[in-house]
Q: 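I have a structure I would like to understand better, so I am pasting it below and will then ask my questions one at a time.
Below, chain A is the first sequence line, B the second, and so on; all start at residue 1.
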Amino acid sequence: MGDHKSRSYSYSDGGDMQIERYHGGIGPKRSNFETNPPHNFRSYSVSYGPPSKTNMDLVVAGTGREFDFKKQKSTAKSWSFNDHEFQRKKRVLAIKSTLLKGKLKGLLGRVSGGLKIGTPMLFMDGGKLEWTGNSIRHLLLQVPLKMSRRYDSRTTIFSPEGRLYQVEYAMEAIGNAGSAIGILSKDGVVLVGEKKVTSKLLQTSTSTEKMYKIDDHIACAVAGIMSDANILINTARVQAQRYTFSYQEPMPVEQLVQSLCDTKQGYTQFGGLRPFGVSFLFAGWDKNYRFQLYMSDPSGNYGGWKAAAIGANNQAAQSMLKQDYKDDISREEAVQLALKVLSKTMDSTSLTSDKLELAELFLSSSGKVEYQVCTPDALSKMLVKYGVTQPPADA
Amino acid sequence: MECVFGMVGKGFALVVADSSAVNSILVHKSNEDKIMVLDSHKLMGASGEAGDRAQFTEYVQKNVALYQYRNGIPLTTKAAANFMRGELATALRKNPYMVNIVLAGYDQETGPSLYFIDYIATLHKVDKTAFGYGSYFALSMMDRHYHPNMTVDEALELADQCIDEIRSRLVVAPQNFVIKIVDQDGAREHSWRRTTRD
């Protein structure tokens, strides 16, 4: 009955407990709980950490019977297994459970009696099933062993300190990605990105890794998970075109950023899906505010910046930008500053044009907005000119 | 027989509309204001089914206001016109709005502009236009007497000539007309041309 595939479940980061479903036909009837273990662990989480840290979560909802560990232990011993690993785990669990018994008794103060075998149990999500000896044991074996990460399994819940862990973890993910810097100058916006994927084998003819054009007057630089970025870039492009379709005018930059950030915010509040692990630097021009630079992060917050950095080492880059940025900086000086800051904060030893991408947004002489990605040759020349090329170690 | 017409002058745009509210042979009122002030610098003269007219014009007005609240900047006349056209076009193949609109606006960068928006979502940017049976007379008068960069007085004189023509030649001519003007100082009511008091 059921499937005999062995499945391992890990219930907390670091996978401290791998539970393998045992094979073999144990006579007594298997409850639903075993063949389809629920994935809603919140209903059953019990902490097995050291008593001092332990903060009991409610084990079961309902029926008003206290969980009787003694009973469980005796039934467990009566089984015979060939799996030594399993025996060991059982012993460990038995020891830990006695420590816990006292705490549980206190927690379930308002309920009386004990959870005997055969007691029907109501889960928090309304499902109902029978307790059997197997199911009690199985419940215990499936609980996570670490408690501190209780609030990060869902994006849509706050932690007791009022933080959204998933959003913060998303930002962590970006902190490991290739950095990007944007600088606003009076006659244009400069975006520079560090390429993480550099290989001779990579086809780099027309595609860019970090810079993307959203509309004729808006471009963006990306840091984070590329696949997430692609989805958002597509969304941004659709939104920009939809606006133009409605109003026959280019979408104001801030409105685009706002609308994209509204999308991102949705993933932090409802739907149960994880946030996007991408940060953006948007560069654009519109007739209301001329050149603009916006930075947005996975939480859905955004801000207008004169100079900003995202991705790895962005703190260092940001402080460097703060020192050297001047309000009336020209586009050429902005390029120079961006390359300088990037060269200082990049991890790699040698700064060559194949590790960077440079894009500029400016007005052409006819007044049209131009978005230009620098060719590798021009970029190499620029690196030499500004003195930021570090020759490779073996010259 | 409703009638709305408009023209662009030097630094301003004018919209004239009749003010009769009619149901078959009954005149409900003859001081109905059919030129809605869309925002500070836009005027929208509408003619057609009374219910649709009120519904659609108010819908557009509120959306234009919402845009301004959300984004801190007003819509340009062109953007507003295209938005309206889009709404009419979307509703057209399901339950069309039977409203014809003359949109006049003043933008800081581009000056005054006038748009003709049909009930089947035709959009034209024009210098002079008219809707209704009165259009047969008004357009002919304007073809004869209109020239670009007219002053306000010249434009008013032309408007009066059109109104006179409509009154004398149209069998069920509207009794009263309202004239509204929009220029860099904003959109406002200019005057009325009455034959009856309501």
Q: Please round to the nearest 0.5 Å and tell me the distance separating atom OG of S246(A) and atom CD of E87(B).
A: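 Rounded to the nearest 0.5 Å, the OG-CD separation comes to 7.0 Å.
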Q: Check each atom of E249(A) against the heavy atoms of chain B and say whether the ones under 4.5 Å are side chain, backbone, both or neither.
A: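 Contact with chain B involves the side chain of E249(A) alone.
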Q: Are more than 12 heavy atoms, taken from residues, nucleotides or ligands other than Y146(B), located less than 6.0 Å from that residue's OH atom?
A: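 For Y146(B), atom OH is crowded (more than 12 foreign heavy atoms under 6.0 Å).
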Q: Taking atom CD of Q68(B) as the centre, report whether more than 12 heavy atoms of other residues, nucleotides or ligands fall under 6.0 Å from it.
A: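 Result for CD/Q68(B): enclosed.
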Q: Is there a side-chain contact between N71(B) and E254(A) in this structure, where contact means two heavy atoms from C-beta onward sitting under 4.5 Å apart?
A: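 Heavy-atom side-chain distance check fails, nothing below 4.5 Å.
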Q: What distance separates N82(B) CG from T244(A) OG1, expressed to the nearest 0.5 Å?
A: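 Result: 10.5 Å between the selected atoms.
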Q: Are there more than 12 heavy atoms of other residues, nucleotides or ligands under 6.0 Å from atom CD of Q241(A)?
A: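 Yes, enclosed.
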Q: Quick one: sort the Y243(A) and Y67(B) rings into parallel, tilted or perpendicular, breaks at 30° and 60°.
A: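 Y243(A) vs Y67(B) ring planes: tilted.
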Q: So, taking the atom named CD in Q248(A) and the one named CG in L123(B), what distance separates them when rounded to the nearest 0.5 Å?
A: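 CG of L123(B) is found 8.5 Å from CD of Q248(A).
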Q: Answer yes or no: are there more than 12 heavy-atom neighbours, outside R188(B) itself, under 6.0 Å from its atom CZ?
A: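 Count over threshold, so yes.
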Q: For the CZ atom of R70(B) and the CD atom of Q258(A), what is their distance to the nearest 0.5 Å?
A: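 Result: 9.0 Å between the selected atoms.
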Q: Find out whether K287(A) and T76(B) are in side-chain contact, i.e. whether some heavy atom of one side chain is under 4.5 Å from a heavy atom of the other.
A: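 Result yes, sub-4.5 Å side-chain heavy-atom pair found.
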Q: Got more than 12 heavy atoms from elsewhere within 6.0 Å of NZ, K10(B)?
A: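 Atom NZ in K10(B) is not crowded, with 12 or fewer foreign heavy atoms closer than 6.0 Å.
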Q: Inspect the surroundings of NZ in K213(A) and state if more than 12 heavy atoms from other residues, nucleotides or ligands are less than 6.0 Å away.
A: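 Counting neighbours around NZ of K213(A), more than 12 heavy atoms of other residues, nucleotides or ligands fall under 6.0 Å, so yes.
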